[in-house]
Amino acid sequence: MTQISLNNQVLTLINVFTVEPANQERLIELLTDATNVSVRYAPGFISCILYRGTDGTKVTMYSQWRSAEDYQAMRNDPRPLPYLQEALKIAKFEPGMYEIVTTFEAAGE
């Protein structure tokens, strides 16, 4: 389960894909298939959330990993590669690794 907390010592990846609106659903299918085939079973994988941009031009994947080494080991797994290669034919990929700096919650009424 995804948890956003300063106390979590996790690596957060926020990967933004830019896509033509006509290809957004296909990209979502490819990323979902890659995750279901192997990524979710990789050692160190914690969770993933897939977001669809409301204008049709973005798909963003937010994932948490135990470490950068675990993430890199998953990247070396050939099983998700065909899905990711096809995804990169229809979308531009902007990866990013992040650490939590601070969190905010709604102010009490």
Side-chain angles (χ1 to χ4, degrees):
M1 171 182 275
T2 303
Q3 294 183 357
I4 301 174
S5 167
L6 287 174
N7 297 328
N8 286 350
Q9 297 299 314
V10 299
L11 174 68
T12 300
L13 279 87
I14 302 173
N15 298 323
V16 179
F17 296 82
T18 304
V19 63
E20 293 293 323
N23 291 323
Q24 188 186 49
E25 281 305 312
R26 179 64 182 142
L27 179 60
I28 290 169
E29 290 172 9
L30 291 166
L31 296 174
T32 298
D33 290 346
T35 302
N36 280 326
V37 165
S38 69
V39 175
R40 66 187 306 189
Y41 302 102
F45 175 80
I46 298 170
S47 66
C48 178
I49 301 171
L50 197 57
Y51 296 90
R52 171 195 342 258
T54 58
D55 69 355
T57 65
K58 298 276 195 261
V59 174
T60 300
M61 182 174 269
Y62 176 101
S63 63
Q64 292 181 331
W65 290 83
R66 188 174 49 213
S67 69
E69 293 77 20
D70 287 328
Y71 172 72
Q72 194 55 48
M74 178 280 300
R75 293 284 309 224
N76 294 330
D77 182 346
R79 290 176 292 171
L81 193 57
Y83 302 101
L84 300 176
Q85 287 174 333
E86 189 172 340
L88 292 177
K89 289 179 184 176
I90 61 172
K92 180 182 170 194
F93 173 54
E94 298 174 43
M97 291 186 183
Y98 299 85
E99 296 175 339
I100 297 172
V101 174
T102 191
T103 60
F104 300 92
E105 295 180 14
E109 303 246 349

In one Ile/Leu/Val/Met/Phe/Trp/Tyr side-chain cluster, 4.5 Å: V10, Y71: no
Candidates L11, I49, T12, L13 - the one meeting side chain to side chain contact (heavy atoms under 4.5 Å, CB included) with Q64: T12
same_hphob_cluster(I14, L88) at 4.5 Å side-chain heavy-atom cutoff: no
Point-to-point distance, once rounded to the nearest 0.5 Å, from CG of D70 to CZ of R75: 14.5 Å
Criterion side-chain contact (heavy atoms from CB on, under 4.5 Å) on T35 and M61, from CA distance to verdict: CA-CA 11 Å; T35 302; M61 182 174 269; 3.7 Å; yes
Joint cluster assignment, V19 & L31, ILVMFWY side-chain distance < 4.5 Å: yes
Heavy-atom side-chain proximity of K58 to V16 below 4.5 angstrom: yes
Throw together a table of side-chain donor-acceptor distances under 3.5 angstrom for residues 90-99, partners on residues two or more places apart or in other chains.
none

Single-linkage hydrophobic cluster, 4.5 Å side-chain cutoff, V59 and L30 together: yes
Shared hydrophobic cluster for Y51 and L27 (ILVMFWY, side-chain gaps under 4.5 Å): no
Candidate pair S38 and M74, rule side-chain contact (heavy atoms from CB on, under 4.5 Å), full reasoning: CA-CA 8 Å; S38 69; M74 178 280 300; 5.6 Å; no
Nearest-0.5 Å distance, CZ of residue F17 to OG1 of residue T60: 9.0 Å
Backbone N/O of G53 and side chain of Q24: donor-acceptor pair under 3.5 Å: yes
Closest non-hydrogen atom pair between P43 and W65, with its separation: O-CZ3, 3.9 Å
Atom pair OG (S63) and CG (N15), whose distance is rounded to the nearest 0.5 Å: 6.0 Å
Spacing of OG1 belonging to T57 relative to CG belonging to N23, to within rounding of 0.5 Å: 12.0 Å
Pairs where residues 27-38 contributes a residue and the test salt bridge (charged side-chain N to carboxylate O under 4.0 Å, His left out) is met, not counting sequence neighbours: R26-E29
